[in-house]
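Shown next, in structure tokens, is the structure this report addresses.
Being a predicted model, the structure only gives us computed values, none of them experimental. Each residue takes its place number in the sequence, starting with 1.
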Amino acid sequence: MDISSILQGGYQHPVSRSWQAKQQLTKSMLMYPIFITDDPDARVEVPSLPGQCRWGVNRLEEFLGPLVQKGLQSVILFGVPLKCLKDMRGTPADDPNGPVISAVKKLRSLFPDLYIACDVCLCEYTDHGHCGYLNADGTIDNTPSVARIAEVAVNYAKAGAHCVAPSDMMDGRVKAIKRGLIDAGFGNKCTLMSYSAKFASSLYGPFRDAAGSAPSFGNRKCYQLPVAARGLARRAILRDMEEGADIIMVKPALPYLDIIADAGQLAVDHPIACYQVSGEFAMVHAGAAAGVYDLKTMAFESVESMVRAGATLIMTYFTPDFLDWL
């Protein structure tokens, strides 16, 4: 056997195996997605998302305090309005007394060092469940949708969000948000993390259960990316870079590792984020419950594949577990 054929000597020990990774998974790379509802005292389990709940603002200290002590550094907030009156423009999205803005202010006071991102979309707040304004025929009306989404993003920044993350996939919304942040005096105070390559995936089911954001008719395939559309994803990443995105995100993660790798090549000087979405999380749990594999082992394998592909920021519901495991 040739000398160059012998590789196992380089990874025969746990420490030397760890050296084979170009980048190690660390706690600072993890962002925890949490659901904030408009019942301030709520703690409601989400059956399709094991261990995850909808939380009211009065419960955030007891919920997140122990995680911050373990090293939690960042969260991303999703509003779950259950009591408000929804309308065609998503008016409750930036209600000063609504769940997201209330949670931002609460978390800023409770945990001054915690990095707070806010998902920016209208689907949880519109009476039709789509991510923007609609034309009479039910199609997306892009121009007013972008204006409204930018307005919501700026109001989140004014409330104290460190980061706004538009997930709507409307054309041109990154530029509009960036312009809005600059004009409002937040251009250098608030990060813009774009869901640049968000695919029309089957893996969002548990999230829609948690957030109550399923569309009342049709689907989102005309604005979220087609599953096989690698070229469109690359174009969207390049567009969002040019429009001012500070962080590029790919969603979902595990079925789109090639897109994460593409993002790392196209946006070489940007942080690359990915979202291990609700369906991915639920699948890992389901397989473990069925005895297919060990939960911890598979959780690491799935997330480390994202790191290997080039992700430097990972949104995952496994964050509390990794705070114990790492």
Side-chain angles (χ1 to χ4, degrees), residues 33-40 42 44 46 53-57 60 75-107 116-135 138-161 163-174 176-177 180-181 190 192-195 198 204-220 222-224 251 275 277-278:
I34 59 176
F35 302 102
I36 310 295
T37 189
D38 49 7
D39 176 354
V44 180
V46 181
C53 299
R54 300 189 190 112
W55 294 93
V57 292
L60 290 176
V75 296
I76 181 166
L77 308 181
F78 295 88
V80 185
L82 300 176
K83 299 179 178 180
C84 68
L85 181 64
K86 300 182 180 183
D87 57 24
M88 54 83 65
R89 69 184 297 273
T91 298
D94 51 356
D95 179 352
N97 299 312
V100 173
I101 288 180
S102 297
V104 170
K105 293 178 178 179
K106 185 78 168 179
L107 291 175
I116 304 165
C118 292
D119 177 82
V120 183
C121 197
L122 302 181
C123 59
E124 301 102 320
Y125 308 99
T126 54
D127 52 11
H128 46 72
H130 280 279
C131 302
Y133 282 68
L134 300 180
N135 292 307
T139 59
I140 287 289
D141 191 351
N142 196 82
T143 299
S145 298
V146 165
R148 174 69 180 130
I149 287 159
E151 180 182 32
V152 172
V154 170
N155 284 331
Y156 288 166
K158 289 178 178 178
C163 174
V164 290
S167 61
D168 54 286
M169 289 299 287
M170 298 297 113
D171 286 334
R173 90 276 205 214
V174 171
I177 292 171
L181 291 172
C190 185
L192 203 173
M193 174 168 63
S194 176
Y195 290 66
K198 180 181 179 180
Y204 302 145
F207 176 92
R208 290 173 182 170
D209 180 28
S213 62
S216 60
F217 67 92
N219 55 54
R220 296 170 178 152
C222 288
Y223 44 101
Q224 295 177 1
K251 176 186 179 182
Y275 196 152
V277 300
S278 58

Test log, rule side-chain contact (heavy atoms from CB on, under 4.5 Å), inputs Ser145 and Arg173: CA-CA 8 Å; Ser145 298; Arg173 90 276 205 214; over 6 Å; no
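- Lys86 contributes atom NZ, which lies 8.5 Å from atom SG of Cys123 (distance to the nearest 0.5 angstrom).
- Residues Cys131 and Ile149 share a closest heavy-atom pair of O-CD1, 3.7 Å.
- Asn97 pairs by the side chain to side chain contact (heavy atoms under 4.5 Å, CB included) definition with Asp95, not counting sequence neighbours.
- Residues Val100 and Cys118 form a side-chain contact, since some pair of their non-hydrogen atoms from C-beta on lies under 4.5 Å apart.
- In this structure, Thr37 contributes its side chain and Val80 its backbone to a donor-acceptor pair below 3.5 Å.
- Nearest approach of Cys190 to Ala161, heavy atoms of both residues: SG-O, 3.8 Å.
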Test log, rule side-chain contact (heavy atoms from CB on, under 4.5 Å), inputs Val46 and Arg54: CA-CA 7 Å; Val46 181; Arg54 300 189 190 112; 4.3 Å; yes
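- Looking at Val154 and Ile177, their side chains never come closer than 4.5 Å, going by heavy atoms from C-beta outward.
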Verdict with supporting geometry, Met193 and Val164, side-chain contact (heavy atoms from CB on, under 4.5 Å): CA-CA 6 Å; Met193 174 168 63; Val164 290; over 6 Å; no
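- When every heavy atom of Lys198 is checked against every heavy atom of Ser167, the shortest pair comes out as NZ-O, 2.9 Å.
- Lys106 places no side-chain N or O within donor-acceptor distance of the main-chain N or O of Leu60, the cut-off being under 3.5 Å.
- In this structure the side chain of Cys53 never reaches within 4.5 angstrom of the side chain of Val44, judged on heavy atoms.
- In this structure, the side chains of Phe78 and Pro33 come closer than 4.5 Å at one or more pairs of heavy atoms.
- With values rounded to the nearest 0.5 angstrom, Leu181 atom CG is found 10.0 Å from Lys158 atom NZ.
- Here CZ of Arg89 is found 13.5 Å from OH of Tyr125. Values are rounded to the nearest 0.5 Å.
- Counting heavy atoms from C-beta outward, Ile140 and Asn135 have side chains that stay 4.5 Å or more apart.
- Atom CE in Met169 sits 8.0 Å away from atom CG in Asp171 (nearest 0.5 Å).
- At least one side-chain heavy atom of Leu77 sits less than 4.5 Å from a side-chain heavy atom of Val75.
- Between Asp39 and Leu82 there is no side-chain heavy-atom pair separated by less than 4.5 Å.
- In this structure, Val104 and Ala159 approach most closely via the heavy-atom pair CG1-O, 3.6 Å.
- Put simply, the side chain of Pro99 does not reach to within 4.5 Å of the side chain of Val57, judged on heavy atoms.
- The line from CG of Leu122 to OG1 of Thr126 is 6.5 Å long, rounded to the nearest 0.5 Å.
- Once rounded to the nearest 0.5 Å, the distance linking OH of Tyr133 with OG1 of Thr139 reads 15.0 Å.
- The pair Arg148-Asp94 counts as a salt bridge, with a side-chain nitrogen and a carboxylate oxygen less than 4.0 angstrom apart.
- For Tyr195, the side chain to side chain donor-acceptor pair (under 3.5 Å) criterion is met by Asp119, not counting sequence neighbours.
- With Tyr204 as the aromatic partner, Lys251 meets the cation-pi criteria of under 6.0 angstrom to the ring centre and within 45 degrees of the ring axis.
- Ser102 contributes a side-chain N or O that, together with a main-chain N or O of Gly98, makes up a donor-acceptor pair within less than 3.5 Å.
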